[in-house]
Every structure is written in C-alpha cells, then in structure tokens.
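Lettering follows sequence order; numbering is per chain, from 1.
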Amino acid sequence: MATRRHWLVKSEPGTYSIEDLERDGKTCWEGVRNYQARNFLREMKVGDALLFYHSSANPPGVVGLAEVVREAYPDHFAWDERSPYHDPRSTEDDPVWYMVDVGFVERFPEPLPLPELKKDPALEGMELLRRGSRLSVQPVSKAHFDHIVKLARRRS
DNA sequence: GCCAACGTTGGC
DNA sequence: GCCAACGTTGGC
C-alpha cells in the first residue's frame with residue numbers, strides 16, 4: 001500500500017464549515033482557482049488525510065479531520081455561468097480546474113486557534129504559518145499533522 | 001475595514 | 001521577459 005499523504009485544506013466557515021461536512025458526511029471540494037493548489041489536489045489519493053482549517057474565522061484555526069474519498073476530477077462549477085466559481089477558460093473538453101471529494105472524519109471538541117499554532121515550536125516551518133501564505137490546499141508533513149492531532153486530543 | 005502579501009494580467 | 005496595475009486572500 002502506498003504511503004498516505006497529509007494535507008491541509010482551508011474553507012471559510014460561512015461558505016462551508018466542518019459542521020457542514022459532519023452533517024453531509026462528504027462533499028466535493030469545488031472552487032479551487034489557484035494553479036498550485038490545483039496541482040496539489042491532483043496529487044491526492046483516496047485515503048489521504050486532511051486537516052480542515054477555518055479561514056477568516058474568529059479565531060481562524062484547525063477544526064477537524066477529513067479524508068480524500070475520490071481523486072481529482074474536473075470541477076464542473078467552472079462551466080456553470082451562474083456559479084461564483086465560473087471560469088470561461090475551463091471547458092468540458094479541456095478542463096482547467098479540478099476537485100476531489102472529501103469525507104468527514106472528525107470534528108475536534110475544540111478548534112485549535114491559529115495564534116496557538118504559531119507559538120508552537122514543533123510546528124516551525126509549516127506552510128500555514130509562513131508569513132503571507134495564502135495557499136488553500138497545501139501539503140503537511142506527517143510530523144506536523146500528527147502533532148496537531150495530538151494537540152487536539154490533549155484539549156479534549 | 002485595513003492592508004500586506006501574493007497571483008494574474010496585459011502593455012511594452 | 002519585464003513589471004506596473006489590479007484583484008484576491010486572509011489575518012488582524
């Protein structure tokens with residue numbers, strides 16, 4: 001079996017929250033419109049583990065875990081003129097944007113707020129904490145991933 | 001609401 | 001290929 005990879009995905013809770021994913025069980029991760037983030041989406045394999053991050057929240061932070069349940073396929077919202085994610089450069093014959101399906105794994109009893117993650121020396125070098133980092137889909141090292149899960153357990 | 005950081009666009 | 005202008009992200 002191939003080694004499972006680890007990632008972090010951001011969502012604004014007003015758009016789609018961990019509570020929404022808990023309710024839905026799974027969802028398609030549409031709307032990624034950044035090439036670097038898209039390339040990471042296309043690298044994802046079924047079973048890869050995801051940190052679910054609430055951006056533009058009070059406070060922002062990691063709120064739970066999800067997993068990849070379907071590998072990358074064309075993001076058809078790009079073809080929909082009424083969608084906020086519409087992008088005329090992407091067509092059915094030649095898709096530009098992709099999405100995966102993600103499944104709910106767990107919601108942390110308490111969110112891990114960004115300011116606390118910033119203070120943690122064990123998370124040094126994490127992409128999320130890099131100054132000016134805006135990537136909405138990013139790889140996470142296993143060590144950083146495991147440490148964050150451990151922090152979540154410690155809080156409960 | 002502000003603004004720093006970043007990505008994209010388009011003129012040249 | 002350079003780079004200024006612009007739009008977006010996202011913390012604060």
Margin query: Classify A:Arg33 by what it touches in the nucleic acid, base, sugar-phosphate, or nothing, heavy-atom distance under 4.0 Å.
Written below: nothing
Note to self: Please determine whether side chain to side chain contact (heavy atoms under 4.5 Å, CB included) holds for the pair A:Leu51 and A:Phe145, giving the CA-CA distance in whole Å, both sets of side-chain angles, and the decisive distance to 0.1 Å.
What the structure shows: CA-CA 8 Å; A:Leu51 296 172; A:Phe145 187 97; 3.6 Å; yes
Next item on the list: Could you check how far CD of A:Glu116 sits from P of C:dG11, rounded to whole Å?
Entry: 16 Å
Next item on the list: Check whether any side-chain N or O of A:Lys10 sits under 4.0 Å from OP1 or OP2 of C:dG10, and answer yes or no.
Entry: yes
Notebook entry, point to check: When you check the gap from the basic side-chain N to the acidic O, do A:Lys119 and A:Glu116 get nearer than 4.0 Å?
Noted result: no
Check: Quick one: A:Arg38 CZ to B:dT8 C1', roughly how many Å, whole number?
Finding: 14 Å
Notebook entry, point to check: Does the ring pair (Phe, Tyr, Trp, His ring centres under 6.0 Å) test come out yes or no for A:Trp29 and A:Phe40, once each step is laid out?
Noted result: CA-CA 13 Å; A:Trp29 206 257; A:Phe40 287 137; over 10 Å; no
Under 3.5 Å between N/O atoms: give me all the protein pairs with nucleotides 1-7 of chain C, atom names plus distance.
none

Check: A:Leu114 side chain: which of C:dC12, C:dG10, B:dT8 is closest?
Finding: C:dC12
Checklist line | Whole angstrom value for the distance that separates P of C:dG10 from CZ of A:Arg130 | finding: 13 Å
Checklist line | Hydrophobic cluster of A:Val96, others only, ordered by chain and residue number, side-chain cut-off 4.5 Å | finding: A:Tyr35, A:Trp97
Checklist line | Rounded distance (Å) that lies between atom P of B:dT9 and atom OH of A:Tyr35 | finding: 6 Å
Next item on the list: Would you tell me if any nitrogen or oxygen in the side chain of A:Arg89 comes within less than 4.0 Å of OP1 or OP2 on B:dT8?
Entry: no
Checklist line | salt_bridge(A:Asp48, A:Lys45) N-O dist < 4.0 Å | finding: no
Item checked: Cationic N near anionic O, under 4.0 Å, A:Arg89 to A:Asp94 -> no
